[in-house]
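One is the number of the first residue; the rest follow in order along the sequence. Every number for a ligand or one of its atoms is a count from 1 in the order of the listing.
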Amino acid sequence: DQLISQIAAGEVVERPSAVVKELLENALDAGATQITVRLEEGGVKRIAITDNGRGIAPEQLPLALARHATSKITSLHDLENVGTLGFRGEALASIASVAAVRITSRTPDAAHAFEIVGSHEGTVAPSSGAFGTTIDVQDLYFNTPARRKFLKSEQTEYGHCAEVVRRIALARPDVSFSLSHNGRTIDHWNVSEAAKRSAHILGSDFAEARLALDESAGPLHLHGYVGLPTASKARADGQFFYVNGRFVRDKVLVHAVRAAYQDVLHGDRFPSYVLSLDLDPALVDVNVHPSKIEVRFRDSRAVHQFVFHAVQRTLAQTSA
Ligand code: ADP
Ligand code: MG
């Protein structure tokens with residue numbers, strides 16, 4: 001069982017940033033509006049995420065660390081319509097098989113918090129803590145040195161973690177986030193409007209030269225901002241695309257956006273953009289890879305055309 005967990009962990013927990021992603025998605029699933037991410041040594045030494053969500057009842061704490069026990073999927077229908085962000089029911093169990101995990105949680109009706117340490121076999125003990133949940137992950141890969149060897153420098157691993165936080169924070173301006181590394185607060189984003197959040201995260205260049213976009217066609221809805229290359233510096237990390245709220249990196253979408261930029265502005269620079277495509281979950285498969293960064297559209301031609309034309313029309317306003 002331990003071995004199976006460690007193998008599964010390889011899929012889910014490729015590096016510290018993958019842990020950050022799973023924990024953030026769980027916090028959002030729990031309805032958190034305030035999330036604190038504390039990292040030490042690029043996340044390898046420690047990833048502690050605190051949220052003010054609905055918490056985990058003491059009798060549920062062992063289940064949270066058990067494989068599959070708490071999958072958010074209850075039917076085949078759910079598989080096709082993954083509404084919540086997490087759905088495999090094994091992220092925490094996998095993480096706990098390759099790191100020292102402590103969960104401290106307090107539900108709204110509990111007189112105090114409870115905690116569990118280690119695995120689903122750990123005992124549940126009273127603890128102190130505010131409403132919500134803290135998941136503290138220490139010494140990642142302490143028992144799988146081969147995997148640990150694949151990690152890059154502390155700064156690189158930290159960079160990946162910070163990128164995951166940025167991606168999620170951009171999509172959820174209705175939630176406040178704070179991020180610290182080695183005891184230093186790096187970022188803090190209060191609850192704000194989408195426009196403000198993206199300006200905050202992508203910088204004033206983007207904020208000053210961008211066009212809002214909001215277009216629908218049939219089951220497809222695209223909204224967000226496209227930056228103008230005149231002002232925004234060419235940065236390779238300013239492209240954010242979300243499908244049904246989930247950050248994705250998809251060839252079809254990237255190509256559609258770049259083609260639209262080329263068509264209107266004839267530039268070959270990397271524009272910044274933050275775009276969200278919402279569509280019927282039945283029209284997109286998000287289950288391509290455990291890291292869920294890839295998607296597959298049922299009709300990728302239609303999606304490409306729609307995105308291309310929406311971005312093209314928006315950018316064309318500048319030359320009109
Ligand atoms: P999944 O998210 O796929 O259900 P996970 O292993 O990520 O599986 O989490 C297991 C379970 O633990 C969740 O289903 C949820 O019930 C509980 N849980 C995890 N993190 C939190 C959190 N931050 N707040 C409340 N409940 C949580
Ligand atoms: Mg999860």
Min side-chain heavy-atom separation V20-V165 under 4.5 Å:
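SC-SC contact between V20 and V165 confirmed.
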Contact check: [X] vs ligand 1, nitrogen or oxygen atoms, below 3.5 angstrom:
| X | result |
| --- | --- |
| L92 | yes |
| N26 | yes |
| D29 | no |
| A91 | yes |

Please report, to 0.1 Å, the donor-acceptor pairs under 3.5 Å made by any side chain of residues 48-57, with sequence neighbours excluded.
from: T50; atom 1: OG1; to: T134; atom 2: OG1; distance (Å): 2.9
from: D51; atom 1: OD1; to: G53; atom 2: N; distance (Å): 2.7
from: D51; atom 1: OD1; to: T133; atom 2: N; distance (Å): 3.4
from: N52; atom 1: OD1; to: T33; atom 2: N; distance (Å): 2.7
from: N52; atom 1: OD1; to: Q34; atom 2: N; distance (Å): 3.0
from: N52; atom 1: ND2; to: T33; atom 2: OG1; distance (Å): 2.8
from: R54; atom 1: NH1; to: D29; atom 2: O; distance (Å): 3.1
from: R54; atom 1: NH2; to: D29; atom 2: O; distance (Å): 3.4

Per-atom contacts, ligand 1 versus [X] - under 4.0 Å to a heavy atom:
| X | value |
| --- | --- |
| D51 | 22 (C), 23 (N) |
| A30 | 24 (N), 25 (C) |
| A64 | 10 (C), 12 (O) |
| I135 | 20 (N) |

Working to the nearest 0.5 angstrom, can you tell me the gap between R15 CZ and R147 CZ?
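If I round to the nearest 0.5 Å, the distance is 10.5 Å.
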Flag, side chain of H112 to backbone of R106, donor-acceptor distance under 3.5 Å
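No, the answer is negative, given that no donor and acceptor are paired below the 3.5 Å cut-off.
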Sub-4.0 Å heavy-atom contact, G53 with ligand 1
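Not so, G53 does not reach ligand 1.
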Between ligand 1 and I103, can you find any atom pair, the residue atom being a heavy atom, that is separated by under 4.0 Å?
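Under 4.0 Å: no for I103.
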Whether the D250 and H255 side chains hold a donor-acceptor pair (N or O, under 3.5 Å, no angle test) is what I'd like checked.
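The criterion, which ignores hydrogens and geometry beyond distance, is not satisfied for H255 and D250.
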N/O donor to acceptor pairs below 3.5 angstrom from side-chain atoms of residues 192-204, sequence neighbours left out:
from: R197; atom 1: NH1; to: A169; atom 2: O; distance (Å): 2.8
from: R197; atom 1: NH1; to: R172; atom 2: O; distance (Å): 3.1
from: R197; atom 1: NH1; to: V175; atom 2: O; distance (Å): 3.3
from: R197; atom 1: NH2; to: P173; atom 2: O; distance (Å): 3.4
from: R197; atom 1: NH2; to: V175; atom 2: O; distance (Å): 2.7
from: R197; atom 1: NH2; to: N190; atom 2: O; distance (Å): 2.8
from: S198; atom 1: OG; to: A194; atom 2: O; distance (Å): 3.2
from: S198; atom 1: OG; to: A195; atom 2: O; distance (Å): 3.1
from: S198; atom 1: OG; to: R210; atom 2: NH1; distance (Å): 2.8

Among L28, I56, L23, which one has a heavy atom closest to atom 27 (C) of ligand 1?
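Closest candidate by heavy-atom distance is I56.
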With V164, which of K21, E22, E25 fulfils side-chain contact (heavy atoms from CB on, under 4.5 Å)?
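Of all the options given, the one that passes is K21.
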Would you sort out whether E40 and R46 count as a salt bridge (Lys or Arg N to Asp or Glu O under 4.0 Å), showing the intermediate values?
CA-CA 5 Å; E40 287 173 28; R46 186 177 205 186; 3.5 Å; yes
